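These numbers come from a predicted model, not from an experiment.
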Amino acid sequence: MNYRHTIRALVAAVAIVGAQHAHALAVLDFQNLTCAKTQELCGAGDTYTAAGFMLQYAPAADEPYPVGFTAVGKLWRFNVKGSISLEANSCSATTTLTRTKGVNFSLLSIDLAEVNGDSPSSVTFIGTKSDGSQVTASVNLDGKVGWQRVQLPRSFIKVNSVTWAQGDCIINKPHMFDNILVN
């Protein structure tokens with residue numbers, strides 16, 4: 001009888017530990033944006049929330065027609081071998097990633113691709129720590145159609161927010177993002 005209770009307790013403990021570990025890492029992959037399953041591009045609003053994280057869109061100060069996020073579907077010809085992704089659909093718009101409960105997190109990696117695959121893009125990530133200090137990482141994309149996985153440096157561990165800007169649409173072309181790995 002004790003043996004059976006011990007096995008049940010062990011199974012329950014493994015389930016709890018496994019559940020806690022599963023919540024430790026999250027991937028924001030946008031697969032729940034159903035409009036992008038059948039459309040090339042569709043509106044996705046000014047915020048996106050999943051797995052305890054939130055992405056917020058903010059237009060550039062001089063943007064006369066802010067659009068918000070656009071979901072990029074698999075049917076978009078420049079989304080080669082991609083899944084549903086997002087873009088901040090205004091020149092020089094910013095995207096900010098936070099945890100919904102306001103606690104710090106780590107940004108580990110993100111997949112990036114040029115929206116139209118027509119020229120290189122540069123993306124700078126700015127992480128803000130709880131003491132107000134900032135960390136940065138810049139990435140240069142190759143200007144070719146297709147996705148590039150970007151590993152963020154260790155300095156992006158225990159940040160309160162991470163912000164990055166969309167390209168200016170003239171010199172620095174826009175990008176889309178997917179598979180944001182956070183902890």
Side-chain angles (χ1 to χ4, degrees), residues 14-58 68-76 78-89 93-115 117 121 123-130 135-142 144-166 174-183:
V14 168
I16 290 169
V17 169
Q20 289 172 343
H21 182 68
H23 291 292
L25 285 176
V27 177
L28 306 180
D29 64 8
F30 315 113
Q31 297 306 299
N32 62 343
L33 296 171
T34 57
C35 67
K37 292 181 181 181
T38 58
Q39 300 176 45
E40 289 184 355
L41 304 167
C42 56
D46 290 345
T47 61
Y48 174 84
T49 304
F53 290 87
M54 180 169 50
L55 291 163
Q56 294 178 291
Y57 162 91
F69 288 122
T70 294
V72 180
K74 294 178 187 180
L75 301 175
W76 180 247
F78 302 110
N79 193 359
V80 175
K81 295 182 182 177
S83 60
I84 296 170
S85 60
L86 273 185
E87 73 161 308
N89 195 5
T94 59
T95 299
T96 300
L97 172 65
T98 57
R99 194 180 284 254
T100 56
K101 293 184 180 178
V103 295
N104 62 30
F105 63 96
S106 300
L107 175 57
L108 305 174
S109 68
I110 184 171
D111 292 349
L112 300 173
E114 293 85 347
V115 170
S121 295
V123 182
T124 298
F125 296 91
I126 302 169
T128 303
K129 303 275 190 167
S130 59
V135 295
T136 63
S138 294
V139 177
N140 293 313
L141 301 180
D142 60 13
K144 298 175 185 173
V145 174
W147 290 90
Q148 293 177 246
R149 176 147 301 147
V150 174
Q151 305 290 331
L152 278 293
R154 293 187 55 79
S155 58
F156 280 79
I157 293 174
K158 294 187 179 180
V159 293
N160 283 2
S161 67
V162 177
T163 299
W164 66 96
Q166 187 57 272
H175 66 276
M176 51 190 163
F177 51 90
D178 195 7
N179 301 319
I180 302 171
L181 181 61
V182 286
N183 184 1

Pairwise distance [atom1]([X]) to [atom2]([Y]) - rounded to 0.5 angstrom:
X	Y	atom1	atom2	value
Thr96	Asn160	OG1	CG	12.5 Å
Asn32	Lys37	CG	NZ	7.5 Å
Leu41	Leu75	CG	CG	9.5 Å
Met54	Thr98	CE	OG1	4.0 Å
Leu152	Ile157	CG	CD1	10.0 Å
Leu86	Leu28	CG	CG	9.5 Å

Does Ile180 reach the side chain of Phe30, with side-chain heavy atoms less than 4.5 Å apart?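 Yes. Closest side-chain heavy atoms under 4.5 Å.
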Tell me, do Asp178 and Asp29 make a side-chain contact under 4.5 Å, heavy atoms counted?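 Asp178 reaches Asp29 side chain to side chain.
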Backbone N/O of [Y] and side chain of [X]: donor-acceptor pair under 3.5 Å:
X	Y	result
Gln148	Asp142	yes
Asn79	Gly73	yes
Thr100	Gly52	yes
Trp76	Val115	yes
Gln166	Ala88	yes

Where do [X] and [Y] come nearest, in terms of heavy atoms and distance?
X	Y	result
Ala165	His175	O-CE1, 3.4 Å
Ala71	Ala36	CB-CB, 3.8 Å
Ala26	Ala51	CB-CB, 3.9 Å
Gln31	Lys74	OE1-CE, 4.5 Å
Ser109	Gln151	CB-OE1, 3.8 Å

Set out, in order, the CA-CA distance, both residues' side-chain angles and the distance that settles side chain to side chain contact (heavy atoms under 4.5 Å, CB included) for Asn179 and Trp147, then state yes or no. CA-CA 11 Å; Asn179 301 319; Trp147 290 90; over 6 Å; no
is_close_aromatic(Tyr48, Phe69), centroid dist under 6.0 Å: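 No, the ring of Tyr48 stays outside the 6.0 Å limit from the ring of Phe69, centre to centre.
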Return yes when atom NZ of Lys129 has more than 12 non-hydrogen atoms of other residues, nucleotides or ligands closer than 6.0 Å, and no otherwise.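 Yes, NZ of Lys129 has more than 12 neighbouring heavy atoms, counting only those of other groups under 6.0 Å.
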More than 12 heavy atoms from other groups under 6.0 Å of NZ on Lys144: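 At most 12 heavy atoms, drawn from other residues, nucleotides or ligands, come within 6.0 Å of this atom.
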So if I apply the side chain to side chain contact (heavy atoms under 4.5 Å, CB included) rule between Val182 and each of Leu97, Ile110, Val162, Val159, which one comes out positive?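 Filter result, single survivor: Leu97.
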Kindly assign one of parallel, tilted or perpendicular to the pair Phe156 and Phe125, based on the angle between their ring planes and the thresholds 30° and 60°.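 Answer is perpendicular, since the angle exceeds 60°.
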